[in-house]
Amino acid sequence: MTAVRTYLSVALSLAAAGVPVLPLRAGKVPFGNCCSCANNACGGRPNMKTPGLCACPRPCHGWAAATTDSAVLSSGLWVAAWKRAGAVAYHPAGAGVTVVDLDNADAVAWARESLPSTRTVSTTRGEHWIYRGTMRSANHVRPGADVKSSMAYARWLGPGTGTMTALPPAVLALVEREETTRPGEGVDSSSLTRARWDRSVATGCRHTDAYVRTGLERGLARILAHRETGAGSAAYGVARFLATQHTGCPGPCGLDAIGEQIADAAISVGVSAHYARRAVTNGFHGALGATA
Ligand SMILES: [Zn+2]
Ligand SMILES: [Zn+2]
Ligand SMILES: [Zn+2]
């Protein structure tokens, strides 16, 4: 009960200050869409990339549901969500800001060297650096760093400290560079998701290159999506799933290279190297055990 009051009262005070907010569920991700909005059957919200007409009274469509409307925020359906919520999030561009989300100490150290100082907020393992001004969002613009502004949400973790400064060219450049190197790619993209697995090491694999690479890239994206918790078990699941695909191959299939990439992805979102490698080894063993 107190948690509901706290989330809702935080949300209402942010909304009063012009910051559009939404609830996140326990895993710190938005609530799933309701059945009318499932798979975007409703066409999506008017503010989405492809504008739709959805006026769903529930907090569907992730960041696009963020609102400053206190009547919506305190409606019965939203209160039901606040009751199950694990955090309050906001839509940075809707508040006129850009959040550079630095996931770990290395990323924070990089920002201190490379970016102008601004308002900062401590996160679980890193910091949010908040600049005035909006831009396109992009995940994984550097190891451990995301840019969250338009069409994105960021966790609200308090007002932070320091004076907010204008969005610097250095931050704009992070996303421009990404845009030029990987045009048209909308999903979480990074050097890690560009597979290093190579056909030449997989002389005994009976799958096509595309099949192996697509599976690997999806698996890595899945691990990279676990920014707060669960990346270690995601790495285990991905390792197990991918290894299972090759239990019918005569081999070798280049599973070592695949395993390294899985571990690197987990390490990049904060899993210890030791734990990441063990998760991969256990996942591979799990796959073999499953078919034995
Ligand atoms: Zn809905
Ligand atoms: Zn909808
Ligand atoms: Zn294979």
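Counting starts at 1 for both ligands and their atoms, in listed order.
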Notebook entry, point to check: Do any of the N, O or S atoms of His61 sit under 2.8 Å from the Zn ion (ligand 1)?
Noted result: no

Margin query: Taking N, O or S atoms only and a limit of 2.8 Å, check whether Cys37 reaches the Zn ion (ligand 1).
Written below: yes

Notebook entry, point to check: Rounded to 10 degrees, what angle sits at the Zn ion (ligand 3) between Cys249 SG and His246 ND1?
Noted result: 120°

Check: Hey, is the Zn ion (ligand 3) within less than 2.8 Å of some N/O/S atom on His207?
Finding: no

Note to self: When you measure from the Zn ion (ligand 2) to the N, O or S atoms of Cys56, does any of those distances fall below 2.8 Å?
What the structure shows: no

Notebook entry, point to check: Counting N and O atoms only, with roles assigned by atom type, does the side chain of Ser137 sit under 3.5 Å from a partner on the main chain of Ser150, one being a donor and the other an acceptor?
Noted result: yes

Notebook entry, point to check: Is there an N/O/S atom in Cys34 at a distance below 2.8 Å from the Zn ion (ligand 1)?
Noted result: yes

Notebook entry, point to check: Judged by atom type as modelled, is there a donor-acceptor pair below 3.5 Å linking the side chain of Arg125 to the main-chain atoms of Gly270?
Noted result: no

Next item on the list: For the pair Tyr90 (side chain) and Arg155 (backbone), establish whether a donor and an acceptor sit closer than 3.5 Å, ignoring hydrogens and angles.
Entry: no

Margin query: Determine whether a donor-acceptor pair (N or O, by modelled atom type, separation under 3.5 Å) exists between the side chain of Asp146 and the backbone of His140.
Written below: yes

Margin query: As a quick check of understanding, evaluate side-chain hydrogen bond (donor to acceptor under 3.5 Å, both in side chains) for Asn47 and His91, giving each step before the final call.
Written below: CA-CA 12 Å; Asn47 54 343; His91 175 216; 5.6 Å; no

Check: Where the Zn ion (ligand 2) is the corner point, what angle links SG of Cys54 with SG of Cys42, to 10°?
Finding: 110°

Notebook entry, point to check: Can you tell me if an N/O/S atom from Cys60 lies under 2.8 Å from the Zn ion (ligand 1)?
Noted result: yes

Note to self: Between Ser149 (side chain only) and Arg136 (backbone N and O only), is there a donor and an acceptor less than 3.5 Å apart?
What the structure shows: no

